[in-house]
Amino acid sequence: MKLDKFDREILRVMQKDATISMADLSQKVGLTHTPCWRRVKKMEAEGLIRQKVTLLDSKKLNLGVSVFIYVMLKNHDGDSLTDFEAAVQTIDEIVECHTTSGEKDYLLKVIVESIEDTNTYLNRR
């Protein structure tokens with residue numbers, strides 16, 4: 001799908017506030033309601049807009065420490081990779097998991113309450 005200036009502006013505004021009403025969105029991007037709504041629906045159908053999410057304030061939830069952890073696997077066979085990726089999905093503290101190139105296999109983003117929790121987390125897992 002080729003994006004024009006209105007499509008890019010719609011995406012920019014929606015990334016800042018996914019709960020924006022269609023009336024407010026259309027006003028901000030300079031379109032009337034119906035064409036704006038059609039563009040949003042088309043971008044959803046094309047998969048450009050996959051979902052709308054709620055961002056939480058980690059400090060107010062006492063989850064103020066982000067830790068990045070490199071992981072090296074001993075085995076790289078299909079079962080080991082599948083098992084690792086399945087295990088990562090069961091751990092709530094892991095909010096992102098990225099494959100990497102080079103010596104390390106994965107980079108995990110872990111969010112915990114405190115630095116002390118990081119040590120507990122690492123020893124527990």
Side-chain angles (χ1 to χ4, degrees):
M1 177 176 172
K2 186 171 168 82
L3 301 178
D4 65 14
K5 70 176 187 171
F6 291 110
D7 296 325
R8 287 190 295 276
E9 185 64 10
I10 288 169
L11 294 173
R12 187 188 67 74
V13 171
M14 289 183 71
Q15 277 199 304
K16 288 185 178 179
D17 181 5
T19 64
I20 190 169
S21 70
M22 194 56 61
D24 289 342
L25 178 61
S26 60
Q27 183 180 11
K28 284 190 179 216
V29 301
L31 291 170
T32 58
H33 184 278
T34 302
C36 187
W37 177 83
R38 284 187 183 134
R39 286 171 181 264
V40 170
K41 290 301 172 192
K42 183 175 182 183
M43 288 188 280
E44 288 174 346
E46 294 283 335
L48 295 175
I49 299 172
R50 291 185 299 157
Q51 63 184 356
K52 297 171 185 168
V53 299
T54 300
L55 299 177
L56 306 176
D57 186 321
S58 59
K59 288 183 182 175
K60 289 182 179 178
L61 292 167
N62 291 325
L63 297 172
V65 177
S66 296
V67 180
F68 292 90
I69 301 170
Y70 279 111
V71 175
M72 292 179 6
L73 299 180
K74 289 181 183 178
N75 297 316
H76 293 91
D77 59 67
D79 289 340
S80 296
L81 296 174
T82 301
D83 291 346
F84 175 77
E85 290 174 5
V88 162
Q89 293 178 24
T90 66
I91 302 170
D92 292 337
E93 295 91 347
I94 299 174
V95 296
E96 293 179 20
C97 177
H98 303 272
T99 58
T100 62
S101 61
E103 294 180 21
K104 313 295 192 237
D105 298 310
Y106 292 92
L107 175 64
L108 305 178
K109 181 178 180 182
V110 178
I111 297 181
V112 292
E113 284 188 35
S114 66
I115 295 296
E116 294 79 24
D117 286 344
T118 303
N119 294 330
T120 302
Y121 174 82
L122 288 174
N123 291 332
R124 192 177 69 214
R125 304 290 183 176

Among residues at least two apart in sequence or on other chains, which ones pass side chain to side chain donor-acceptor pair (under 3.5 Å) with Asp79? none
Evaluation steps, side-chain contact (heavy atoms from CB on, under 4.5 Å), between Leu11 and Ile49: CA-CA 8 Å; Leu11 294 173; Ile49 299 172; 3.7 Å; yes
Could you work out, with side-chain contact (heavy atoms from CB on, under 4.5 Å) as the rule, every residue matching Ser21, not counting sequence neighbours? Ala23, Asp24
For Asp17, side chain to side chain donor-acceptor pair (under 3.5 Å) partners two or more places apart: Thr19
Shortest non-hydrogen contact from Thr90 to Ala87? OG1-O, 2.7 Å
Just list the side-chain donor-acceptor pairs under 3.5 Å for residues 53-76, sequence neighbours left out, or say none.
residue, atom, partner, partner atom, Å
Asp57, OD1, Lys59, N, 3.1
Asp57, OD1, Lys60, N, 3.2
Ser58, OG, Leu63, O, 3.4
His76, NE2, Asp105, OD1, 2.9
His76, NE2, Asp105, OD2, 3.0

Side chain to side chain donor-acceptor pair (under 3.5 Å) with Ser114: which residues, sequence neighbours excluded? Glu116
Residue pairs passing the ring-ring contact (aromatic ring centres under 6.0 Å, His included) test with at least one member in residues 33-52, sequence neighbours excluded, are none
Residue pairs involving residues 6-15 (criterion salt bridge (Lys or Arg N to Asp or Glu O under 4.0 Å); sequence neighbours excluded): Asp7-Arg39, Glu9-Arg12
Contacts of Lys52 that satisfy salt bridge (Lys or Arg N to Asp or Glu O under 4.0 Å) - sequence neighbours left out: Glu44
Which residues share a side chain to side chain donor-acceptor pair (under 3.5 Å) with Thr99, sequence neighbours left out: none
Scan for ring-ring contact (aromatic ring centres under 6.0 Å, His included) pairs involving residues 77-112, sequence neighbours excluded, and state none if there are none. Phe84-Tyr106
